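Only one structure is covered here, and it is reproduced in the block below.
All values below were derived from every heavy atom in this structure, side-chain atoms included, with hydrogens, water molecules and symmetry-related copies excluded. No experiment lies behind these values; they were computed from the predicted model shown.
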Amino acid sequence: MSLPQTPPTASPGGAVGAVVVLAAGQGTRMRSATPKVLHRLGGRSMLGHVLAAAAPLGAARTVVVVGSGREAVTEHLADVAPEADAVVQEEQLGSGHAAAVALDALGEVSGAVLIVNGDAPLLRVETLTTLVQAHRDAGAVLTVLTAEVADPTGLGRIVRDGTGGVRAIVEERDADTATRAIAEVNAGVYVGDAAAVREALTRVGAANDQGEIYLTDVLGLLVADGAPVGGHRADDAVDTLGCNDQRELADRRRTLNDRVLDRLMRAGVVVIDPMTTWVDVTADVAAEAVLQPGTQLLGATTVGAGAVVGPDTTLTDTEVGEGASVVRSHVTLSVVGPAATVGPFSYLRPGTELARGAKVGAFVETKNVQVGEGSKVPHLSYVGDATIGQGSNVGAATVFVNYDGVAKHRTEIGDHVRIGSDTMLVAPVTVGDGAYTAAGSVITEDVPPGAMAVARAHQRNVAGWVGRRRPGTRSAEAAAAAGGAPADDAADTRSTQSEGGRATATARDDDHQGRR
């Protein structure tokens, strides 16, 4: 059901022995109580995107280093990647210290280890795959992913020698003017021999502006040892972008969404206005589906071929069948069957299932309801905890009264039933096949198949009421002009000729208004 982040790419199973994700940072620039790596975009957390990109590498073990907000991150990790292990970095002493904590937890690693920052949500599977392959082909001990960027401000620079070999990674705060002019930067992704990296980390000091143990210093130490070290430049620098504040997060959301929509449109999906259409990476849309402006497809939503969604529609974890239509509506955890129609201005809550050709029309709310093939709930109704058979029709302003203040109860509507407008169906209640209910009825007892249920008070007309009780109003004038206003109380069939006649009529008028 989920949409891959990238087109299918060959990924070597077991390409690395272990994956280490650094996710212990505080993310203070986010100005949020939410841990940095848990901020969401495109249907996943930043951490979730990184884990999804690394998963196809087939690592035997995945370790996520947690620190700030560790409880929330660990709980989230259990949901999205239960096979991964959380390792606590008690003190945030730098990226090198975090990597050392992870490697200690891993113990012996067979094969290479991939180390990646947890705040790089645009990383793609193919980018990591080509990095690992380049590392293998070069026979390197360590390979760093790099990127050529227009503005390298704030990023670590890649220093190469005259032959193009990588010699060092220099953080901007520690760089001189010439080094700061370098446009090739460190992407924060490394693949290397676990034992060599672990040993080099024991030699890294904290003699820098921040007083931290930099993972980047490992590269310089290995170069000094004469070990083969490489740098692989990403094909698309956007893949390597980190995320440090809310502005960057918004920008990453837009980039990710543009990628998703571009992929969908190339596959034959009609996106009328990409600027206002948002689709999570976890959603799936078939060719020839139409996404109108203002559409949001969230979570594990699927949309079938030829379906039309929008405008101004949000679907969350919802299945929309082929040829269905959902217009200006909000739908969550529901199934809209083939050729079914929803909206405009309807709210389908969890548990709603519409069979083929079913209809939920304007201003309708549903919850935990199954609507049979060809059945209709056209407008202005609430349908909760119910089953509706095939070919039935629910009249306007009908309410399925499912809650007695303590428990919910179900209503069962049979096939080819006609529920009259403004009917209250007080659950638990069953309306049999082919039955009718009269408009304005309050149905509290089962209706047998083929019966007509009528449950409403007898109508009584109080003659002359407007003339007596609303004198001088336009209604009274209109009634008088139409001959509907008696000249005196004698014209009122309910009044008496006694001395207290007017008081009696007035009292009865009040009674009809429910004032007594």
Side-chain angles (χ1 to χ4, degrees), residues 20-31 36-37 46 50 65 67-68 89 91-100 115-123 127 131 142-162 164-192 197 200-201 203-224 229-234 236-252 255:
V20 171
V21 182
L22 307 182
Q26 295 182 355
T28 54
R29 281 182 283 173
M30 282 289 181
R31 299 291 192 269
K36 179 181 179 180
V37 296
M46 284 197 274
V50 172
V65 181
S68 179
Q89 183 187 21
E91 295 182 88
Q92 281 74 66
L93 301 178
S95 58
H97 179 254
I115 303 175
V116 56
N117 290 328
D119 64 346
L122 299 182
L123 272 176
T127 301
L131 169 65
L142 179 70
T143 303
V144 59
L145 182 67
T146 74
E148 192 84 26
V149 298
D151 181 7
T153 302
L155 302 174
R157 309 303 203 276
I158 300 295
V159 178
R160 294 181 182 265
D161 60 22
V166 175
R167 307 307 296 170
I169 303 172
V170 181
E171 297 297 330
E172 180 171 283
R173 63 177 64 91
D174 301 315
D176 57 25
T177 302
T179 303
R180 291 187 181 190
I182 297 173
E184 186 180 13
V185 299
N186 173 29
V189 183
Y190 312 83
V191 60
V197 173
L201 281 169
R203 295 185 278 143
V204 174
N208 52 62
D209 184 60
Q210 290 292 99
E212 294 183 347
I213 300 172
Y214 291 162
L215 178 57
T216 52
D217 287 347
V218 167
L219 185 142
L221 289 172
L222 292 175
V223 168
V229 172
H232 174 72
R233 189 172 298 168
D236 187 350
V238 171
D239 288 3
T240 69
L241 292 175
C243 189
N244 295 302
D245 58 34
Q246 296 293 346
R247 295 172 302 171
E248 290 183 348
L249 180 58
D251 186 69
R252 307 298 176 262
T255 299

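- Judged by distance alone, with hydrogens and angles left aside, the side-chain atoms of Asn117 form no donor-acceptor pair with the main-chain N or O of Asp119 at under 3.5 Å.
- With a 4.5 Å cut-off on side-chain heavy atoms, Asp245 and Arg31 do not count as touching.
- At distances below 3.5 Å, not a single donor-acceptor pair connects side-chain atoms of Arg203 with backbone N or O atoms of Val218.
- Within the model, atoms CG of Leu155 and CD of Glu171 stand 8.5 Å from one another, a figure rounded to the nearest 0.5 Å.
- A distance of 4.5 Å separates CZ in Arg252 from CG in Leu241, rounded to the nearest 0.5 Å.
- In plain terms, the two heavy atoms of Gly231 and Thr146 that are nearest each other are CA-CG2, 4.4 Å.
- Note that CG of Asp239 is 11.5 Å distant from CG of Leu131, once rounded to the nearest 0.5 Å.
- A side-chain donor-acceptor contact under 3.5 Å links Ser95 to the backbone of Leu215.
- Side-chain N or O atoms of Arg157 include none that pairs as donor or acceptor with a backbone N or O of Ala178 at under 3.5 Å.
- For the residue pair Lys36 and Met46, the shortest heavy atom distance occurs at O-CE, 2.7 Å.
- Using a cut-off of 4.0 Å between Lys/Arg side-chain N and Asp/Glu carboxylate O, Glu248 and Arg29 are scored as not salt-bridged.
- Nearest heavy-atom pair across Thr127 and Ala234 is CG2-CB, 4.4 Å.
- Scanning both residues, Ala99 and Ile115, for their nearest heavy atoms gives CB-CD1, 4.4 Å.
- More than 12 heavy atoms of other shown residues, nucleotides or ligands fall within 6.0 angstrom of atom CD in Glu148.
- Separation of atoms OH (Tyr190) and OG1 (Thr143) is listed at 12.0 Å; rounding is to 0.5 Å.
- Taking every heavy atom of both residues into account, Tyr214 and Val204 meet most closely at O-CG1, 3.7 Å.
- The backbone N or O of Met30 lies less than 3.5 Å from a partner atom in the side chain of Gln246, making a donor-acceptor pair.
- Closest heavy-atom contact between Val170 and Val159: CG2-CG2, 3.9 Å.
- The neighbour count for Arg180 CZ, taken as heavy atoms of other residues, nucleotides or ligands under 6.0 Å away, is above 12.
- Put simply, the side chain of Ile158 reaches to within 4.5 Å of the side chain of Ile169, judged on heavy atoms.
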